[in-house]
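Comments concern the structure below.
Whatever order the structure lists ligands and atoms in, that order sets their numbers, starting from 1.
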Amino acid sequence: MSLKPLFDFAILPDKNHRQPGGLAGWDILSVDQFDKAQLEYVFTRAHEMREMVQRVGAVDLLKGYVLACLFYEPSTRTSASFIAAMERLGGSVIPITQGVQFSSVSKGETLADTIRTLEQYADVIVLRHPDIGSAQVAADYARVPVLNAGDGAGEHPTQALLDLFTIREELGQIDGLKVAMVGDLRYGRTVHSLTKLLLQYDVSLRFVSPEILRMPLSIMNRVIDAGKDARETHDVADVIENADVLYVTRVQKERFTDLAQYEEVKNMYEITPELMTRAKQKMVVMHPLPRVGEIHYAVDHDPRAAYFRQVQNGMFIRMALLAAVLGKA
Ligand code: ASP
Ligand code: CP
C-alpha cells in the first residue's frame, strides 16, 4: 500500500542552493539583487495578483505557509500590506507589529535569537529595524527567507519595487522619464532604493533637498558612474515643469541626532494645487507615506496624485514577492 503524502507543499530550496534565475528561497535585502529580467518577472506576477484580487479576492496558493512580521519601528502600510498579501494568498501571519516592547526584545533578546526563534514557526520573515544592515544580519542567521521592510536609513527594497511598478502602471514605461525626488534624500531609505533601481533604466534624475539632506555621496557616485543625466537643487520650482514623476518624501525626524536641525528643514517643501498648475498634464505625484505636510490635501483630488494607488500596488508587489520566495510563482 502506498501512502498518500499528507501535504503537497513545494520544498523550499536551501538558501545556499538557490536555483539560478528564480527567486525561490531568496532573501530580499537590497534592490541590487534584481536585474531587469527579475524586475519584469515580479511586475508581471504583481499584475496577475491585481487581476486575481479583483476577480476572486483571495486564493489558496500559500495555504499552510506562515509569515512572521517583525517590526522594531512603526509601520502602517508595509506591515498591513504584507499581512493582507499573505492572507489573500491563503497563508497566515505571526504579527509582531504592534511594538516589539510587547515581545521578548524588551527583555534584552538579541535580533539573532529572535530570528532563530521565529524561523521555528514561520516559512518567511519580514523585518523592519532601525539599524542599517540589520536585515543582512537577520538573513545570515535565518534558514528561511528574510525580506527587508526597511533597515534604518539604508534600504526599503520592497517599497522601491512597488514604486517602480506604480510608475510603470501609471505612465506605461520607465525609460525616457524624468524622475524628481524631493525632501529628505539623506535619511530616506525609499529614495536610496528607488535611485539604485532606476539606474537600470534610461532616466534623468533630479534631486531636490536642503543642503543637509542631500543624497549620500555613495549613491551619487553610482549615479555618476552610470552616466545618468542628474542634477541637484534646493528648489522644487526648478523641476516641477519637466518632471514626469515627482516623488515626495517626509523629513525623517527619527534619524536626526540634533532636533534643532530637524526644525530648520522640516517644512521646506509643500506641494500645493497652485504648484501643480505648472506641472505636466501627464505626470504623477508619488509619496511612500506617511506625509506630514509635504503634499497639501487639496492635491489629493488631482488625478496625477498617485500615492494611494501606490499604496494598493504595495499589496500586489508583496503578494508576488511572497509567492516567489516561497517557490510558488
Ligand atoms: N514609510 C517609509 C519608510 O518607512 C517612508 C517614511 O517613513 O517616511 O521608509
Ligand atoms: N511606505 C511605508 O513604508 O509606510 P509605513 O512606514 O507605514 O510602513
Side-chain angles (χ1 to χ4, degrees), residues 28-31 46 67-86 93 95-100 125-135 146-167 181-197 207-210 213 215-216 219 245-256 262 265-271 284-295 300 305-319 321-322:
I28 297 178
L29 307 177
S30 163
V31 291
L67 160 69
C69 237
L70 177 62
F71 279 65
Y72 289 70
E73 282 189 335
S75 168
T76 297
R77 280 145 291 271
T78 313
S79 55
S81 62
F82 266 116
I83 293 169
M86 196 63 186
V93 183
I96 307 182
T97 53
Q98 299 305 317
V100 285
I125 297 172
V126 170
L127 173 72
R128 172 171 288 186
H129 192 281
D131 295 341
I132 294 177
S134 50
V146 171
L147 275 53
N148 180 3
D151 61 328
E155 279 220 33
H156 195 344
T158 68
Q159 175 75 44
L161 292 171
L162 79 89
D163 291 341
L164 205 59
F165 180 64
T166 300
I167 295 172
M181 302 186 199
V182 180
D184 187 346
L185 309 184
R186 177 179 181 185
Y187 297 121
R189 54 195 172 199
T190 71
V191 283
H192 298 166
S193 291
L194 183 58
T195 302
K196 292 180 194 174
L197 213 45
F207 299 111
V208 186
S209 73
L213 298 181
M215 186 64 85
I219 298 179
V245 177
L246 191 70
Y247 189 98
V248 187
T249 65
R250 172 181 71 94
V251 178
Q252 309 278 295
K253 182 179 183 183
E254 64 273 34
R255 311 271 177 242
F256 282 72
Y262 167 73
V265 290
K266 69 174 185 189
N267 291 327
M268 250 184 95
Y269 303 110
E270 188 190 24
I271 309 304
V284 280
V285 181
M286 295 173 60
H287 193 308
L289 302 177
R291 67 175 147 179
V292 288
E294 310 82 36
I295 302 179
D300 297 1
Y307 25 94
F308 289 109
R309 298 191 289 276
Q310 189 182 349
V311 167
Q312 195 190 38
N313 286 337
M315 183 175 77
F316 303 134
I317 282 287
R318 287 165 179 139
M319 290 171 80
L321 292 174
L322 286 170

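- Ser134 and Tyr72 form no side-chain donor-acceptor contact under 3.5 Å, judged by distance and modelled atom types alone.
- In summary, of the residues considered (Val93, Thr158, Thr97), a side chain to side chain contact (heavy atoms under 4.5 Å, CB included) with Phe82 occurs for Thr158 alone.
- The protein heavy atom nearest to atom 7 (O) of ligand 2 is Thr76 N, 2.7 Å.
- Salt-bridge check for Glu254 with Arg189: failed, with every basic side-chain N at 4.0 Å or more from each acidic carboxylate O.
- Each of the atoms 1 (N), 2 (C), 3 (O) of ligand 2 lies under 4.0 Å from some heavy atom of Gln159.
- Of the heavy atoms in Thr190, none comes closer than 4.0 Å to ligand 2.
- Residue contacts with ligand 1, taken as heavy atom pairs separated by less than 4.0 Å, involve Gln252 solely via side-chain atoms from C-beta onward.
- Counting protein heavy atoms only, atom 9 (O) of ligand 1 is closest to Arg189 NE, 2.8 Å.
- In this structure, Arg77 has no heavy atom closer than 4.0 Å to ligand 1.
- Considering both main-chain and side-chain atoms, Arg250 comes within under 3.5 Å of ligand 1 through a nitrogen or oxygen pair.
- Nearest protein heavy-atom contact of atom 2 (C) of ligand 2 is Thr78 OG1, 3.5 Å.
- Heavy atoms of Leu289 found under 4.0 angstrom from ligand 1 belong exclusively to the backbone.
- In this model, no donor atom of one side chain and acceptor atom of the other lie less than 3.5 Å apart for Arg250 and His287.
- Taking distance alone, with nitrogen or oxygen atoms compared against 3.5 Å, Ser75 approaches ligand 2 more closely than that limit.
- Taking 4.0 Å as the cut-off, Pro290 counts as a neighbour of ligand 1 on heavy-atom distance.
- A donor-acceptor contact closer than 3.5 angstrom is absent between the side chains of Thr166 and Gln310.
- Looking at Pro288 next to ligand 2, an N or O pair under 3.5 Å apart turns up.
- A donor-acceptor contact closer than 3.5 angstrom is absent between the side chains of Arg186 and Ser209.
- Which parts of ligand 2 touch Leu289 is read off a 4.0 Å heavy-atom cut-off, strictly below it: atoms 1 (N), 2 (C), 4 (O).
- The protein heavy atom nearest to atom 4 (O) of ligand 2 is Arg77 NE, 3.0 Å.
- Taking CD1 of Ile219 as the reference point, atom CG of Leu185 lies at 9.5 Å (rounded to 0.5 Å).
- Between Phe256 and Tyr262, the angle of the ring planes goes over 60°, which puts this pair in the perpendicular group of the 30/60° scheme.
- Taking a 4.0 Å cut-off on heavy atoms, Arg128 registers as neighbouring ligand 2.
- Residue contacts with ligand 1: Thr78 is excluded, as none of its non-hydrogen atoms falls under 4.0 Å.
- Every atom of ligand 1 is numbered from 1 in the order shown, and the set under 4.0 Å from a heavy atom of Arg128 is 4 (O).
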